[in-house]
Amino acid sequence: MNRPTDQRPLLTDRAALDRNRARARRTGHADLFHRIAADEVEDRLAEVNRTFTAPAIVTGFPDFWAERFPQARVVADEDRLDLAPGAHDLVIHALALHWADDPVGQIVQARRALREDGLFLGVCFGNQTLHELRAALAQAEAEVTGGLSPRILPMGEIRDLGALLQRAGLALPVADGFSQRVSYRDLFHLARDLRAMGEGNAMAARLRRPTRREVLARAAAHLAAHHPDRDDPSRVAVTFDLVFLTGWAPSDSQPKPLRPGSAQRSLADALNDIRKQQK
């Protein structure tokens, strides 16, 4: 696999990520948030007054997305995407962007694969995802070992992720999302589910030896004490934050912002007219 030629430190251990995903595909329990994401993608596409005839999907779970979108070309989320320039009128980046070492590079490649006025639609986990677990693990490790290890993938804020669309050269950029609270029996049940989803720790800087049992026990206690499920306090609840990114390959047919100073009336005059009409 080709890797970037610069010397930036890598966020993701790609071999570990591939192993995690392969294990998840074998267990058949990886599709919970992929189903939520795919349903939302289909709803959003239904609202677009357009028929897409040459879609492509970038994902780490090709079987699921190929089944949901059988007409699409499905490619892996590698550093260099297997997409031909200008070959597609729709590119969906499906729940993989949060693992990218170069997320803007991924979007730039998707942009190049789009035809004029083609649509990019990305979905990834946002920065509030598992913030409860992150805090519990950090507190427990600091108490037991006096240090911290990378355990939960750092994920982007919605505003920063939206800015990537403009940096990639996409027009009419929009970033939005929603949070999903999920209940678990305890931290260990949550950890098993994350492994089953293929979202276990695959960071390059992760701890390479087993975590001490005392750290996990304290983290479980902190999670239970500070983040109980409101409906069943014997369980814990954590957040999964889904962010959706939408942008279009530039086209002369798209609406353009007015030039500064070209308005015929001031905003104050327009607001005064509205107030008069409301009286």
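The pair Glu78-Arg14 does not count as a salt bridge, with every side-chain nitrogen at least 4.0 angstrom from each carboxylate oxygen. Salt-bridge check for Asp160 with Arg167: failed, with every basic side-chain N at 4.0 Å or more from each acidic carboxylate O. Arg25 has no carboxylate O lying under 4.0 Å from a charged side-chain N of Asp63, or vice versa, which leaves the two without a salt bridge. Here Arg35 does not pair with Asp39 in a salt bridge; the nearest charged N to carboxylate O distance is not below 4.0 Å.
Counting heavy atoms from C-beta on, the side chains of Leu190 and Val238 come closer than 4.5 Å. In this structure, Arg68 and Asp31 have side chains that are not in contact, with every pair of non-hydrogen atoms separated by 4.5 Å or more. No side-chain heavy atom of Phe69 sits under 4.5 Å from any side-chain heavy atom of Leu90. In this structure, Asp193 and Val182 have side chains that are not in contact, with every pair of non-hydrogen atoms separated by 4.5 Å or more. Residues Leu97 and Leu245 form a side-chain contact, since some pair of their non-hydrogen atoms from C-beta on lies under 4.5 Å apart. The closest side-chain heavy-atom distance from Cys124 to Leu161 is below 4.5 Å. Within the 4.5 Å cutoff, the side chain of Leu130 has no heavy atoms near those of the Phe125 side chain.
Remark: the backbone N or O of Ala76 is not paired with any side-chain donor or acceptor of Asp82 at under 3.5 angstrom. At least one donor-acceptor pair closer than 3.5 Å links the side chain of Asp89 to the backbone N or O of Thr53. The backbone N or O of Thr239 sits less than 3.5 Å from a side-chain atom of Glu132, completing a donor-acceptor pair. His88 places a side-chain N or O within 3.5 Å of a backbone atom of Ala54 that can act as its donor or acceptor partner. No donor-acceptor distance shorter than 3.5 angstrom exists from the side chain of Gln109 to the backbone of Leu83, with no hydrogens or angles considered. A donor-acceptor pair under 3.5 Å is absent between the side-chain atoms of Arg111 and the main chain of Ala168, judged by distance alone. Looking only at distances, a side-chain donor or acceptor of Asp101 sits under 3.5 Å from a matching main-chain atom of Leu11. Proximity of a side-chain donor or acceptor of Gln128 to a complementary backbone N or O of Glu157 within less than 3.5 Å is not detected. Side chain of Arg23 to main chain of Ala196: no donor-acceptor pair is present (N/O by atom type, distance under 3.5 Å, no hydrogens or angles). Judged by distance alone, with hydrogens and angles left aside, the side-chain atoms of Thr129 form a donor-acceptor pair with the main-chain N or O of Asp241 at under 3.5 Å.
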For this session: For the pair Asp117 and Ser251, evaluate side-chain hydrogen bond (donor to acceptor under 3.5 Å, both in side chains) and give the outcome as yes or no after the intermediate values.
Result: CA-CA 5 Å; Asp117 204 29; Ser251 169; 4.7 Å; no
Exercise. So Leu170 and Leu164, side-chain contact (heavy atoms from CB on, under 4.5 Å) or not? Walk me through it.
Worked result: CA-CA 9 Å; Leu170 289 163; Leu164 299 182; over 6 Å; no
For this session: Could you check Val123 against Arg44 for side-chain contact (heavy atoms from CB on, under 4.5 Å), going step by step and ending with a plain yes or no?
Result: CA-CA 12 Å; Val123 53; Arg44 289 166 183 255; over 6 Å; no
For this session: Evaluate the side-chain contact (heavy atoms from CB on, under 4.5 Å) criterion for residues Leu137 and Ile152: first the C-alpha distance (whole Å), next the side-chain angles of each, then the deciding distance (0.1 Å), finally the verdict.
Result: CA-CA 9 Å; Leu137 285 168; Ile152 306 295; 4.2 Å; yes
Exercise. Under the side-chain contact (heavy atoms from CB on, under 4.5 Å) criterion, do Phe188 and Leu216 qualify, and how do the steps go?
Worked result: CA-CA 9 Å; Phe188 305 101; Leu216 295 177; 4.0 Å; yes
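Rounding to the nearest 0.5 angstrom, the gap separating the CE atom in Met203 from the OG atom in Ser149 is 9.5 Å. With values rounded to the nearest 0.5 angstrom, Phe244 atom CZ is found 11.0 Å from Ile92 atom CD1. Here the CG-CG distance, from Asp77 to Leu81, works out to 8.0 Å after rounding to the nearest 0.5 Å.
Between Gln166 and Pro173 the shortest heavy-atom distance is CG-CG, 3.6 Å. Taking each heavy atom of Leu95 and Ala37 in turn, the nearest pair found is CD1-CB, 4.0 Å. Residue Met197 comes nearest to Phe61 through the heavy atom pair O-CZ, 3.5 Å, listed as atom of the first residue, atom of the second, then distance. Between Asp229 and Asp231, the shortest heavy-atom contact is OD1-N, 3.0 Å. Minimum interatomic distance between Ala24 and Gly198 (heavy atoms only, all atoms of both residues): CB-N, 3.4 Å. Closest non-hydrogen pair, Ala140 versus Arg218, comes out as CB-CB, 3.7 Å.
The aromatic rings of Phe240 and Phe33 lie tilted to each other, with the angle between the two planes from 30° to 60°.
Ile107 and Val74 fall into different hydrophobic clusters, where Ile, Leu, Val, Met, Phe, Trp and Tyr side chains are chained together by heavy-atom contacts under 4.5 Å.
For the residue pair Glu199 and His98, a side-chain donor N or O sits within less than 3.5 Å of a side-chain acceptor on the partner.
Within 6.0 Å of atom CZ in Arg208, more than 12 heavy atoms from other residues, nucleotides or ligands are found, so the atom counts as buried in its surroundings. The environment of CD in Glu67 is sparse: at most 12 heavy-atom neighbours from other residues, nucleotides or ligands sit within 6.0 Å.
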